[in-house]
Amino acid sequence: MLTAFARAFKTPDLRKKLLFTLGIIVVYRVGTHIPIPGVDYKNVQICIDDASQNTGLFGLVNMFSGGALLQITIFALGIMPYITASIILQLLTVVIPRLEALKKEGQAGTAKITQYTRYLTVALAILQGTGLVATARSGALFTSCPVAKQIVPDQSIFVTITMVITMTAGTAVVMWLGELITDRGIGNGMSILMFISIAATFPSALWAIKVQGNLAGGWIEFGTVIAVGLVMVGLVVFVEQAQRRIPVQYAKRMIGRRSYGGTSTYIPLKVNQAGIIPVIFASSLLYIPALIAQFAGGTSGWKTWIEQNLTKGDHPIYISTYFLLIVFFAFFYVAISFNPEEVADNMKKYGGFIPGIRAGRPTAEYLGYVLNRITWPGSLYLGLIALVPTMALVGFGANQNFPFGGTSILIIVGVGLETVKQIESQLQQRNYEGFLR
C-alpha cells in the first residue's frame, strides 16, 4: 500500500489528485471545529470533558461526524444524512418501478437518482438538525452535565432556525466536498470523508484507554488494544477479500465470418456481500427504543425495561438483540441487492451458462443457493466484529465507541482497500498508455 502511494506521488497527474484530496480533507476537518451561532462553546467543552467519553445515544452519529456532533459545529451532522438518503434510495429502487427503470437507464438514470439523493439529504439534514437543536436546548444531549441546559442560552425561534439552517448548509457543503473528491481527487469522496471522520477519533480514544488503564500506567492495556486492532485488521482484510467465484462459460457464436464468445469468466460472490450496511441498520434500529424512552415522561414499566436492557452495551439482551439484528439485515440486504433471476436472464441472453447447470431457472436457483450458503458465515462474521466494543467495554472499561470497533474497522479497511485499488489501477493504466505510445 505504501509503495502504491509512493509511486502515485511520483506521477504528476496522480500527485495533483492526491494533493487536492488532502486539501479538501483539511477544509473538512477545519469545519468540524467551527461552532454554530447560538451555542456557548465553553459550556459545550465542559460537558464533553464531564461526559468522560460516554457519548451514549448519539455515539454512532458522533463517530461518523468525526466528533463534531457533540461539539455542535457547522459540520455536526457530517455525512450521516447522505448515508441515510443513499440507503433509503437504494431500498426504494427495489420497491418503486420508476426508480428501478431509472437505474436500468445507465448514466442518465444514475444521475437522476443522485439528484434525488441530494434532495433527500437536505430534507434529512433539516430533520436531524432540528432534533439535535431540540436535544441540546433541553439538556438531553449531556444528561449528566450540570450546565447542559445552558449550552443554548438564547432559545428564541430566530436563533433556533438559524442553528438548523447552519447545520443544513454544513451538510450540503460536506456533500459538495465529497463530490469534488470523487470528480477531481482519488477514491469515492463520501467514503474518504467517512474514513477521515472515523480515523480522527482514534488518537483520543486510544489515549483514553491508556489513561484509564491500571497496569504499568495503562501501557499494557494500550499495547493490548493495539495488538487486538492489528489482528482485527488482518481478519477483516482476509474476509473482505474472500469471494466465491462461480465459473461462467459463454458459447461460441458465428456471425458472418466472425466468431464471438467462447470465453470463460466467473461471477464473484463476496462472503460479506452486504458490507457495513447491516451494522448501521441494526445500530439505528436499536437507538429508536432508547430515543423514545429518553424523551418519554414518567416512570412507566416499559420505559424502565428499555433503560435497563436496551441502552447498556454490556447487557445480555442488548448483545443478543444486536447480534440477531445484524444477521437478519445481512440476509435482508443481500436479498434486495442481488437478484439471481436477473443475473440468470442476462447470462441466458448473451449465451452464458454455468458448467453443469442448465440456463434459466436452474441457474437462478443455484445462484440463490450459493448466495445463502456464503451469507451465513458473512453475517456471523459481521455480528462478531460488531461485538468487539462490547468485549472492550467489559475487559478494559472502554466506552461503546471503542476505536477498533466493528463499524469503524470495517469502514476504514474497506475504504482503504478500495482507494489503494483505484490508485493501482490508474498507475497501471498510465503504464499501459506509455507502452502503447
Side-chain angles (χ1 to χ4, degrees), residues 5 8 13-14 16-34 36 60-69 71 73-91 93 107 109-129 132 165-202 275-277 279-280 284 407-408 410-423 425-426:
F5 277 101
D13 52 344
L14 286 181
K16 291 180 181 178
K17 291 183 178 181
L18 287 172
L19 293 176
F20 178 82
T21 303
L22 291 175
I24 296 296
I25 290 173
V26 170
V27 173
Y28 174 67
R29 289 304 300 164
V30 169
T32 58
H33 291 85
I34 301 177
I36 63 174
L60 182 68
V61 184
N62 187 61
M63 182 185 68
F64 279 118
S65 65
L69 175 75
Q71 298 186 20
T73 63
I74 59 174
F75 291 166
L77 301 179
I79 58 176
M80 200 62 182
Y82 184 85
I83 296 173
T84 307
S86 301
I87 294 174
I88 292 175
L89 261 297
Q90 191 170 4
L91 295 177
T93 303
Q107 186 175 359
T110 303
K112 199 71 175 178
I113 294 177
T114 302
Q115 194 68 18
Y116 292 156
T117 305
R118 293 170 184 158
Y119 295 148
L120 185 58
T121 300
V122 173
L124 290 175
I126 295 174
L127 182 63
Q128 294 180 13
L132 178 59
I165 292 176
T166 303
M167 283 191 286
T168 304
T171 301
V173 171
V174 170
M175 184 169 54
W176 176 62
L177 293 177
E179 293 180 354
L180 282 179
I181 294 177
T182 303
D183 294 337
R184 301 173 57 184
I186 291 291
N188 182 281
M190 293 302 171
S191 299
I192 294 293
L193 294 182
M194 191 189 310
F195 176 94
I196 296 301
S197 299
I198 296 173
T201 62
F202 268 44
I276 191 63
I277 303 300
V279 180
I280 296 177
S284 302
T407 308
S408 58
L410 285 170
I411 292 176
I412 284 181
V413 173
V415 174
L417 288 175
E418 290 300 322
T419 305
V420 171
K421 286 181 181 178
Q422 185 169 356
I423 292 175
S425 65
Q426 294 193 27

Atom pairs and distances, donor-acceptor, side-chain atoms in residues 168-178, under 3.5 Å, two or more places apart:
{"residue": "Thr168", "atom": "OG1", "partner": "Val164", "partner atom": "O", "Å": "2.8"}
{"residue": "Thr171", "atom": "OG1", "partner": "Met167", "partner atom": "O", "Å": "3.1"}

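In this view, Val30 and Val26, Ile34 satisfy the side chain to side chain contact (heavy atoms under 4.5 Å, CB included) rule, not counting sequence neighbours. Residues passing the side chain to side chain contact (heavy atoms under 4.5 Å, CB included) test with Leu19 are Phe9, Arg15, Leu22, sequence neighbours excluded. Ser191 is linked by a side chain to side chain donor-acceptor pair (under 3.5 Å) to Asn188, counting only residues two or more places apart in sequence or in another chain.
Once rounded to the nearest 0.5 Å, the distance linking CD1 of Ile79 with CG of Leu193 reads 6.0 Å. Rounding to the nearest 0.5 angstrom, the gap separating the CD1 atom in Ile87 from the CD1 atom in Ile277 is 4.0 Å. If you take CD1 on Ile25 and CD1 on Ile181, they are separated by 5.5 Å, rounding to the nearest 0.5 Å. In this structure, Leu132 CG and Leu127 CG are separated by 11.5 Å, a value rounded to the nearest 0.5 Å. Note that the CE atom of Met190 and the CD1 atom of Ile83 stand 9.0 Å from one another [nearest 0.5 Å].
The two atoms that bring Leu120 and Leu89 nearest to each other are CD2-CD2, 3.3 Å, heavy atoms only. Among all heavy-atom pairs drawn from Leu124 and Pro81, the shortest one is CD1-O, 3.7 Å. Residues Ile186 and Gln422 approach most closely at C-OE1, 4.5 Å, considering heavy atoms. The minimum heavy-atom distance linking Ile423 with Leu14 is given by the pair O-CD1, 4.5 Å. Across all non-hydrogen atoms, the minimal contact from Phe75 to Tyr28 is CD1-O, 3.5 Å.
Annotation: side chain of Gln128 is in contact with side chain of Thr84 (closest heavy-atom distance under 4.5 Å). In this structure, the side chains of Arg184 and Ile24 stay at 4.5 Å or more apart for every pair of heavy atoms.
At distances below 3.5 Å, not a single donor-acceptor pair connects side-chain atoms of Thr73 with backbone N or O atoms of His33. The main-chain N or O of Arg29 is found under 3.5 Å from a side-chain atom of Thr32 such that the two form a donor-acceptor pair.
For residues 413-423, no pair satisfies salt bridge (charged side-chain N to carboxylate O under 4.0 Å, His left out), with sequence neighbours left out. Sorted by first and then second residue, the side chain to side chain donor-acceptor pair (under 3.5 Å) pairs with a member in residues 112-123 read Gln115-Arg118, Gln115-Tyr119, Arg118-Glu179; sequence neighbours excluded.
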